Amino acid sequence: MRTSILTTCLALVAGVSASLSSGTTSAQEQSDSDFFPFIAIGEPLEVCSSMAWQRCNETDWIDTDAMRSDRYVNLSSAYVERLLDDKNWTPMRRDVRDDLREALDLLHQRMKQDVISERVFLEEFTRRATRYMYDQLSEREWNMIIDYLEMRVPDDVSYGVNLAATKDDVQPELLRHVVSQARKVTAGETPHVLVLTAGQRDSLDKVNYYLQSFAAAGADASWLPLDAAVLAARGADACEELDAYRETVMDSYRRDIVHADLHLRQLAFCEAGDAVDAVRNADAIYIADGSPDLLRPLFVTQLNEPNSFAIGIAERVAEEQLVVAAAGAAVNVMTSKAMISAGTSREALKDGAHSARMPGYGCGKDDTCPRGLNENSTTYHPLGGAGLFRWATLDNQVGEEGRHGRLLRVAATNRVPMAVGIDASTALLVNLKSGDFKVVGERGVFFALGAQQNERAVAASFHYLMAGATGTLSGNELTNVELADSAKVVQEDPTTNFLDGRGMYDALRLLCNERESIEVKQEQFVLTLLGGEGVTTQKAGAECQVMNARIGMQYAPSKSF
């Protein structure tokens with residue numbers, strides 16, 4: 001097996017690290033010891049904006065003439081006929097295409113106008129008369145419909161962002177953590193944050209949202225126009241066909257028309273841009289939520305070796321001149337261990353984990369699932385991702401989506417000694433040199449150690465630390481742990497749903513009430529938590545923090561529940 005990506009990167013920058021320890025003063029030493037150049041945010045950063053007014057306490061500030069407040073689709077025949085062209089529909093799906101024609105015609109007649117907002121389109125399309133059509137479509141097909149019907153974004157409007165009006169104060173707080181760590185690199189000056197949106201199927205859509213979000217948090221932000229389509233077009237020396245590569249590589253359509261200005265900027269980057277130079281001029285890089293399978297090729301060659309972009313990032317991190325922040329599924333890509341790309345705990349426990357490309361949602365409808373997999377199958381890449389985080393396999397939104405099962409299954413399958421799952425509204429801040437970390441935000445981080453498995457079960461010892469906790473990642477263990485004294489109370493009703501909800505953490509509370517074992521059943525699955533001798537517990541914000549407890553999850557179809 002090839003040397004891991006992280007090992008290669010660290011070998012390349014070892015000399016840089018050594019010179020720092022004996023030469024010039026680092027940014028960390030200049031500011032303070034509270035420097036964490038790696039930030040893993042457990043969910044996408046979503047703050048109050050003109051395109052997401054539901055996240056705002058008040059909306060009077062939104063100027064609909066100057067700010068982009070919705071996407072608009074056009075139901076006229078000129079748009080619809082391009083969508084229905086044979087090239088977009090395989091022979092096996094043309095009956096669905098013909099049904100779609102009737103559904104769009106019915107909706108057009110009902111609306112009595114060509115142009116409507118995407119929100120209204122979705123609401124009307126999922127009503128009784130056309131709901132049958134919506135249910136036949138895969139996610140890929142639905143995205144294609146929106147792409148072909150979407151109208152061009154006007155050049156004179158942009159996202160409006162208002163951090164102060166955001167309902168959830170945790171999201172702006174996490175955003176500011178990225179900026180404050182980057183400011184330590186600049187010794188207090190305004191930091192330059194480089195934004196990478198390449199994990200998004202439409203990598204152009206939220207560019208201005210992220211730029212304005214970081215500007216609102218006190219940073220100077222710019223976009224790195226690198227994505228999988230750019231890589232493919234460059235590789236074929238065919239940047240002039242960039243939009244065609246977006247179709248084949250990223251399943252996105254007509255982006256050159258919808259986002260004309262951003263397309264031209266990305267086209268110029270494809271022809272002459274240098275991602276390594278961009279990193280050299282940045283104080284932080286923010287990697288937005290998106291598909292791990294779209295992000296991984298940006299850091300890794302086809303021979304599974306680090307490319308110049310990954311090496312450039314590793315060098316800057318080793319020099320303590322760059323902060324790397326990743327959010328949502330982009331967190332998974334930062335590991336040097338097995339990289340989780342998709343799947344549910346339910347399927348992981350039933351069917352194991354698969355080294356394969358991730359299936360798309362609804363892939364069974366249009367027959368695009370990888371062989372032997374379904375839309376919920378757990379998939380991973382055994383050789384890891386970007387390689388910055390050397391201690392563990394990573395996963396995101398673990399508590400809210402009940403992803404403990406898939407995290408343990410991938411760790412056990414690949415014999416990864418440690419696996420780390422970050423909850424939503426939470427971030428794990430890590431010093432990559434010392435291993436020191438702290439948990440910030442609202443919820444917690446799950447650390448699983450020594451995961452093992454059989455065909456229908458997984459088990460591990462684990463720690464669960466709430467926001468406010470600190471410690472050190474040392475080898476395959478945590479040391480110097482200080483549990484949080486308090487935390488924000490999670491405002492959600494208790495549940496026993498541990499397969500795709502926060503039932504594991506609700507059950508965990510019983511360990512803080514002197515219970516030594518808990519068993520929870522859901523469908524044909526069993527969750528077992530074991531405390532007792534050697535286990536440390538401490539409450540924080542009505543949640544239960546633990547050290548050295550044990551977890552088991554089993555698929556038990558023969559049992560009667």
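This one's a predicted model, so the numbers in the text were calculated from it and none came from an experiment. Heavy atoms only: backbone and side chains are in, while hydrogens, waters and symmetry mates are out.
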Tell me if the centroids of the rings in [X] and [Y] come within less than 6.0 Å of each other.
| X | Y | result |
| --- | --- | --- |
| Phe447 | Phe437 | yes |
| Phe446 | Phe462 | yes |
| Tyr210 | Tyr286 | yes |

Not counting sequence neighbours, which residues clear side-chain hydrogen bond (donor to acceptor under 3.5 Å, both in side chains) with Asp283? List them please.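 Per chain and number, Asp283 pairs via side-chain hydrogen bond (donor to acceptor under 3.5 Å, both in side chains) with no residue.
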Between [X] and [Y], is there a side-chain N and carboxylate O pair less than 4.0 Å apart?
| X | Y | answer |
| --- | --- | --- |
| Glu492 | Arg443 | yes |
| Arg509 | Glu543 | yes |
| Asp256 | Arg246 | no |
| Arg55 | Asp168 | no |

Would you tell me whether [X] and [Y] have side-chain atoms, one donor and one acceptor, within less than 3.5 Å of each other?
| X | Y | answer |
| --- | --- | --- |
| Arg296 | Asn304 | yes |
| Arg176 | Gln171 | no |
| Thr472 | Asp436 | yes |
| Gln266 | Asp227 | yes |
| Trp223 | Thr197 | yes |
| Glu315 | Gln321 | no |
| Asn143 | Asp251 | no |

May I ask you to establish whether Arg234 and Phe269 are in a cation-pi arrangement, using a distance under 6.0 Å from NZ or CZ to the six-membered ring centre and at most 45° from the ring axis?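 Yes, a cation-pi geometry.
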Taking C-beta and beyond as the side chain, do [X] and [Y] meet within less than 4.5 Å on heavy atoms?
| X | Y | result |
| --- | --- | --- |
| Val195 | Ser222 | no |
| Thr393 | Tyr380 | no |
| Gln538 | Asp485 | yes |
| Ser213 | Leu175 | yes |

Expected output: side-chain [X] to main-chain [Y] donor-acceptor under 3.5 Å:
| X | Y | value |
| --- | --- | --- |
| Gln200 | Asp289 | yes |
| Thr166 | Cys48 | yes |
| Gln397 | Asp423 | no |

Run through Val420, Val546, Leu449 and flag the one making a side chain to side chain contact (heavy atoms under 4.5 Å, CB included) with His463.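 The passing option is Leu449.
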On the 0 to 90° scale, with breaks at 30° and 60°, tag the Tyr464-Tyr505 ring pair as parallel, tilted or perpendicular.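 Correct class here is parallel.
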Value rounded to 0.5 Å, distance of CD in Glu442 from OG in Ser425: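 The distance works out to 4.5 Å.
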Least distance between heavy atoms, Ala221 atom then Phe214 atom: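 Heavy-atom minimum between the residues: CB-CB, 3.9 Å.
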Heavy-atom pair of closest approach, residues Asn548 and Val535: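 Closest pair (atom of Asn548, atom of Val535, distance): O-CG2, 3.2 Å.
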